[in-house]
Number of protein chains: 2
Amino acid sequence: MLYAEFMSAVLPPCPESEESLTEPELLHLGPAGDEPCLRADAARNRARLLDAAARLIAEHGAAGVTMEAVASAANVGKGTVFRRFGDRTGLLTALLDHSERNFQAAFLSGPPPLGPGAEPVERLRAFGVAMLRRAVDELDLQLAAEPGPDRRYSVPPRRVHHSHLVLLLRQALPDADVELLAHTLMGYLNPVLVHHLTRQCGMPAARLEAGWGELVDRVTSGVPSVPPPVTAAR
Amino acid sequence: MLYAEFMSAVLPPCPESEESLTEPELLHLGPAGDEPCLRADAARNRARLLDAAARLIAEHGAAGVTMEAVASAANVGKGTVFRRFGDRTGLLTALLDHSERNFQAAFLSGPPPLGPGAEPVERLRAFGVAMLRRAVDELDLQLAAEPGPDRRYSVPPRRVHHSHLVLLLRQALPDADVELLAHTLMGYLNPVLVHHLTRQCGMPAARLEAGWGELVDRVTSGVPSVPPPVTAAR
DNA sequence: CATCCTAACCGGACCACGGTCCAGTTTCAT
DNA sequence: ATGAAACTGGACCGTGGTCCGGTTAGGATG
């Protein structure tokens, strides 16, 4: 798979500060298993924490679970939770890890139209639909796992998705600013927006999927000519 | 101005819960002056708070200012801050109020190309450029004022911007799902994204503006034909 | 297999900050 | 002057996150 080189070539457009992450943070198909190389007790506690968190969230909703509750439900000190997962976001993210890995595997090396083999535009469409369905499925968790404003665009899964879109867009639109286009498309798939539209506005998921298709069509159909430059008032 | 009817007709797509807002929250050109009808002491404290907040923010950055610091800098109890502005976001938003009012006035009734009189697509372009410039100008404040995930899409200014885009898009693309398209375009103008691209990635603002133009072109140029429906794997 | 040594880990006391509450005070219309 | 609505301020609370002295796992060594 030539994705390794692609990743290292295209992933770091933002010089990342060298941090010792507490978790390998599901970086694009990281080390195979679930636990990298933790000490026995640490691994045990990690498992207990994830288990307790999942249980509590299923019971009280993702938003109504405190870190302390998770800690004590796992018979573990609060410090241990933060040592292992860094912060609240880290814990919630870890819970989404399985799903995220599956998804990445699907669009990186799975069967078409999501995976390689289909036309770029077709893959684009499939990607959005899959993202939307995933968002609808895991909505509360994805909402609660939303990182703070600073990290939001630097979090590994997001960057992988973005890079994937860049790759597909570049094939379909060699001359466009695909970097920015990819950000635009990602914006449409933002879980917070999906939540707003489906839950708060009652919009059916089908319309969101149709909207994605329309958006992809518009974006990938050629632009007839270059209009005059903008001279906007302020 | 037929904007009143437009607003009441198009603004509440989401049945808003009836809340007694602590502030008139700059709802699309609300009551003219700065203070609606507060008691004398309340108005005085409000002014003192805004002043103190502005001072502290200029000094320590928007992120490094605590509510308690603002309160004591204004010689006021912490409770007063929250009574007046609801929460942190409310205070920061109030600081952006002037700018927001000016901006709304500009695109609602100002001169073209931002205001009425120009072609919809032209106004669209101008709107994005103005938003981007505003975002760059007030970046830290706008970042700090970012509402929580639940409110993010219900906050009045955002809804006004969205409605404006819907209006313009509808004129340019009568048959499109302009509601969703507007959300997409708004996503591009998201201050958090702007911050990421300019500050964290070092992307020049000019490229962002060019990208907006390109995006508008792509979105508003007709789609040649309706492709087959998506059948995405999961 | 017993011992030892060190790095890693543990837990809960601790802190900061956003937000709430309510008894007391002030304004202002009458 | 007076009553009531509105405002005030600081004590209080819950939660996310930090810190550090004590503990433990588990490889190395004899």
Side-chain angles (χ1 to χ4, degrees), chain A residues 19-24 35-50 52-53 56-57 60-94 143-151, chain B residues 19-24 35-50 52-53 56-57 60-94 143-151:
Chain A
E19 305 172 8
S20 65
L21 283 326
T22 53
E23 273 270 305
E35 0 169 316
C37 53
L38 293 153
R39 231 170 67 172
D41 53 347
R44 186 203 51 187
N45 281 345
R46 190 189 124 96
R48 272 206 253 170
L49 280 170
L50 286 178
L56 287 182
I57 284 178
H60 303 114
V65 172
T66 77
M67 298 303 268
E68 204 149 9
V70 172
S72 76
N75 284 314
V76 147
K78 189 158 69 150
T80 304
V81 188
F82 285 95
R83 158 173 298 270
R84 186 62 41 204
F85 297 103
D87 58 4
R88 180 186 177 82
T89 294
L91 174 59
L92 278 330
T93 300
L143 284 184
E146 165 113 336
D150 28 322
R151 286 211 230 152
Chain B
E19 305 172 8
S20 65
L21 282 327
T22 53
E23 274 269 307
E35 1 171 315
C37 52
L38 289 126
R39 234 168 65 171
D41 53 347
R44 187 203 51 187
N45 281 345
R46 190 189 124 95
R48 273 207 250 169
L49 280 169
L50 286 178
L56 287 182
I57 284 178
H60 304 113
V65 172
T66 76
M67 297 302 269
E68 203 148 10
V70 172
S72 76
N75 285 314
V76 145
K78 190 158 67 152
T80 304
V81 188
F82 286 95
R83 158 172 298 272
R84 185 62 41 204
F85 298 103
D87 59 4
R88 179 185 177 82
T89 293
L91 173 60
L92 278 330
T93 299
L143 284 183
E146 165 113 338
D150 29 322
R151 287 211 232 152

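Letters go in sequence order (proteins before strands), and every chain restarts at 1.
- Rounded to an integer number of Å, the gap from CZ of R84(B) to P of dG18(C) is 19 Å.
- Separating the CG atom in L50(B) from the CZ atom in R84(B) is a distance of 10.0 Å, to the nearest 0.5 Å.
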Please walk me through it: do R88(B) and F82(B) pass side-chain contact (heavy atoms from CB on, under 4.5 Å)? CA-CA 8 Å; R88(B) 179 185 177 82; F82(B) 286 95; 5.6 Å; no
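- For the pair T80(B) (side chain) and V76(B) (backbone), a donor-acceptor distance under 3.5 Å is absent.
- The side-chain heavy atoms of R151(B) and D87(B), taken from C-beta on, include a pair separated by under 4.5 Å.
- Atom CG of L49(A) and atom CZ of R83(A) lie 13.0 Å apart (nearest 0.5 Å).
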Output one line per pair: protein atom, nucleotide atom from nucleotides 10-15 of chain D, and distance, for all N/O pairs under 3.5 Å.
unit_1, atom_1, unit_2, atom_2, d
dG10(D), O6, G79(B), N, 3.2

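- The distance from atom CZ of F82(A) to atom C1' of dC20(D) is 17 Å, rounded to the nearest whole Å.
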Scan nucleotides 22-30 of chain C nucleotide by nucleotide, 5' to 3', and note B when protein non-hydrogen atoms come under 4.0 Å of the base, S if they reach only the sugar-phosphate, - if neither. ----BBS--
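- Each of L92(B), L91(B), I57(B) was checked for a side-chain contact (heavy atoms from CB on, under 4.5 Å) with V65(B), and the lone residue meeting it is I57(B).
- Residues satisfying the side-chain contact (heavy atoms from CB on, under 4.5 Å) criterion with T66(B), sequence neighbours excluded, are E68(B), A69(B).
- In this structure, the CG atom of L92(A) is 11 Å from the P atom of dG17(D), given to the nearest Å.
- Separating the CG atom of L91(A) from the P atom of dG17(D) is a distance of 11 Å, rounded to the nearest angstrom.
- In this structure, R48(A) places its CZ atom 13 Å from C1' of dG11(C), rounding to the nearest Å.
- Spacing between atom CZ of F85(B) and atom P of dT20(C) amounts to 16 Å, rounded to whole angstrom units.
- Residue N45(B) contributes atom CG, which lies 11 Å from atom P of dC7(D) at whole-angstrom precision.
- Listed by chain and residue number, R44(B), N45(B), A74(B), N75(B) satisfy the side-chain contact (heavy atoms from CB on, under 4.5 Å) test with R48(B) (two or more places apart in sequence, or in another chain).
- Partners of D41(A) under the side chain to side chain donor-acceptor pair (under 3.5 Å) rule, at least two apart in sequence or in another chain, are R39(A).
- Across the protein-nucleic acid pair, D87(B) atom CG and dC17(C) atom C1' stand 14 Å apart, rounded to whole Å.
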